[in-house]
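Structure first, commentary second.
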Amino acid sequence: MSRLFSSGSVLGASGATSTATRMASNFRKVTHCIFDMDGLLLDTEKLYTEVTQSIADPYGKTFTWEIKQSVMGLQRDPAAAAIVKALDLPMTPEEYVQVSTEKINQLMSNAQLMPGAERLVRHLHQHNIPIALATSSGADSVEVKIKNHQELFALFNHKVMGSSDAEVKEGKPAPDIFLVAAKRFPDSPKPDQCLVFEDAPNGVTAGVSAGMQVVMVPDPHISEEQRKHATVVLDSLEEFKPEQFGLPAFE
């Protein structure tokens with residue numbers, strides 16, 4: 001069920017179809033799309049939770065939702081430092097990265113696509129809409145995660161991997177990663193020509209700060225307050241209507 005946001009107001013689908021249609025006309029037409037990966041295209045967030053909890057278990061700690069949402073979208077090193085501090089783990093952030101990377105590499109090669117992800121990516125590519133990936137993960141991690149989806153991810157014009165990209169000075173919620181992604185398209189579109197797809201509040205903030213519209217597909221646990229800055233909020237990529245942003249409609 002999609003929810004359209006305008007000036008902080010929320011509209012549900014019930015009895016609001018005509019209003020939602022009018023609001024959709026306020027969306028800017030876009031020419032390029034930029035996608036986050038974890039939790040948006042790939043169902044990896046539950047795997048991250050599993051890995052983190054397995055590291056915390058020996059110390060009697062719990063990786064709560066409050067901690068998890070605070071680190072969603074962060075680059076590897078800042079996320080590790082935040083987790084070690086929040087859980088008061090007897091290890092350095094560097095040690096946490098080493099341990100978690102080994103566990104992640106074991107699990108992530110089996111990451112599945114999120115509902116609607118393949119359909120949308122293939123649709124945009126088929127209609128020659130330039131698409132890019134902008135993930136906080138590093139290059140090595142990305143290769144593990146997309147192992148079983150190489151052909152689909154090859155459709156992206158380019159991939160910006162925040163944890164290993166020298167041009168991305170600051171991670172989400174800073175706008176750097178999306179601005180770098182836009183700049184690397186052959187025609188270097190302006191930010192307002194780009195549409196960002198995100199699942200995490202930090203990513204939404206980054207996209208909005210970059211001057212881009214943002215489609216948010218959040219975890220159900222994320223509060224309404226943390227969704228309000230997105231241009232549109234969907235329960236699934238299956239609900240996305242490309243024509244609202246001037247893109248070719250699904251057949």
Side-chain angles (χ1 to χ4, degrees), residues 1-14 16-41 45 69 72-73 114-117 119-121 123-124 127 129-136 156 160 171-183 185 189-250:
M1 182 184 298
S2 64
R3 283 147 290 185
L4 306 179
F5 287 67
S6 178
S7 302
S9 63
V10 182
L11 287 179
S14 177
T17 304
S18 61
T19 305
T21 302
R22 289 199 299 273
M23 289 177 64
S25 68
N26 295 327
F27 298 163
R28 297 192 305 269
K29 182 182 187 304
V30 298
T31 54
H32 299 65
C33 294
I34 304 175
F35 290 83
D36 176 47
M37 185 178 71
D38 290 298
L40 188 278
L41 295 177
E45 288 300 339
Q69 69 177 345
M72 287 174 68
M114 295 291 282
R119 175 193 183 214
L120 177 55
V121 169
H123 172 76
L124 295 173
H127 289 277
I129 302 300
I131 54 177
L133 195 71
T135 172
S136 296
F156 287 89
V160 181
K172 303 172 186 177
D176 301 33
I177 193 167
F178 292 122
L179 295 174
V180 169
K183 184 179 69 172
F185 283 114
K190 295 178 180 178
D192 65 5
Q193 294 176 284
C194 299
L195 181 63
V196 167
F197 292 82
E198 263 286 354
D199 69 306
N202 283 328
V204 172
T205 299
V208 171
S209 297
M212 302 175 184
Q213 296 176 101
V214 182
V215 174
M216 186 185 197
V217 187
D219 183 288
H221 294 94
I222 290 177
S223 69
E224 292 296 334
E225 175 67 21
Q226 292 177 302
R227 304 173 184 214
K228 68 180 185 180
H229 298 299
T231 309
V232 60
V233 177
L234 309 176
D235 290 330
S236 164
L237 285 175
E238 294 175 311
E239 298 178 350
F240 179 62
K241 292 179 169 49
E243 63 274 19
Q244 291 182 337
F245 294 91
L247 298 168
F250 288 118

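Not measured: the values here are computed from a predicted model.
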- Query: Taking all atoms of both residues into account, what is the closest heavy-atom pair of I129 and C33, and its distance?
  - Reply: CG2-SG, 4.3 Å
- Look up atom CE in M114 and atom CD in E238, then write down how far apart they are to the nearest 0.5 Å. 10.0 Å
- Item | Partner set under side-chain hydrogen bond (donor to acceptor under 3.5 Å, both in side chains) for Q69, not counting sequence neighbours | W65
- Message: Can you confirm whether P191 sits close enough to L179 that some side-chain heavy atom of one is under 4.5 Å from a side-chain heavy atom of the other?
- Response: yes
- I34 versus V160: any side-chain heavy-atom pair under 4.5 Å? no
Compile the donor-acceptor pairs under 3.5 Å between side chains in residues 171-178 and protein atoms, sequence neighbours left out, one pair per line.
| from | atom 1 | to | atom 2 | distance (Å) |
| --- | --- | --- | --- | --- |
| K172 | NZ | D36 | OD1 | 3.1 |
| K172 | NZ | A134 | O | 3.4 |
| K172 | NZ | E198 | OE2 | 2.6 |
| D176 | OD2 | E170 | N | 3.0 |

- Message: Minimum heavy-atom separation for L40 and L237, please, with both atom names.
- Response: O-CD1, 3.5 Å
- Take L41 and T135 through the side-chain contact (heavy atoms from CB on, under 4.5 Å) test and state the conclusion after the steps. CA-CA 11 Å; L41 295 177; T135 172; over 6 Å; no
- Task: Over all heavy atoms of both residues, which pair between P220 and R227 is shortest? Give the atoms and the distance, please.
- Result: O-NH2, 3.3 Å
- Query: Looking only at heavy atoms, what is the nearest atom pair of A132 and F156, with distance?
  - Reply: C-CD2, 3.5 Å
- Message: My understanding is that only residues two or more places apart in sequence, or in another chain, count here; which of them pass side-chain hydrogen bond (donor to acceptor under 3.5 Å, both in side chains) with D199?
- Response: none
- Give every residue pair that meets the salt bridge (Lys or Arg N to Asp or Glu O under 4.0 Å) criterion with at least one member in residues 200-221, sequence neighbours excluded. none
- Query: For H123 and A249, which heavy atoms make the closest approach, and how far apart are they?
  - Reply: CE1-O, 3.1 Å
- From L124 CG over to F250 CZ, what is the distance, rounded to the nearest 0.5 angstrom? 7.0 Å
Side chains of residues 207-215: which donor-acceptor pairs under 3.5 Å do they make with residues two or more places apart or in other chains?
| from | atom 1 | to | atom 2 | distance (Å) |
| --- | --- | --- | --- | --- |
| S209 | OG | T205 | O | 2.8 |
| Q213 | OE1 | R28 | N | 2.9 |
| Q213 | NE2 | R28 | O | 3.0 |

- Task: Scan V233, T231, V196 and name whichever one has a side-chain contact (heavy atoms from CB on, under 4.5 Å) with M216.
- Result: V233
- Message: By the ring-ring contact (aromatic ring centres under 6.0 Å, His included) test, which pairs, at least two apart or in different chains, include something from residues 190-210?
- Response: F35-F197, F197-F240
- Query: Taking all non-hydrogen atoms of both residues, which atom of G39 and which atom of E45 are closest, and how far apart?
  - Reply: CA-CG, 3.7 Å
- With sequence neighbours excluded, what pairs up with K183 under the side-chain hydrogen bond (donor to acceptor under 3.5 Å, both in side chains) test? E167
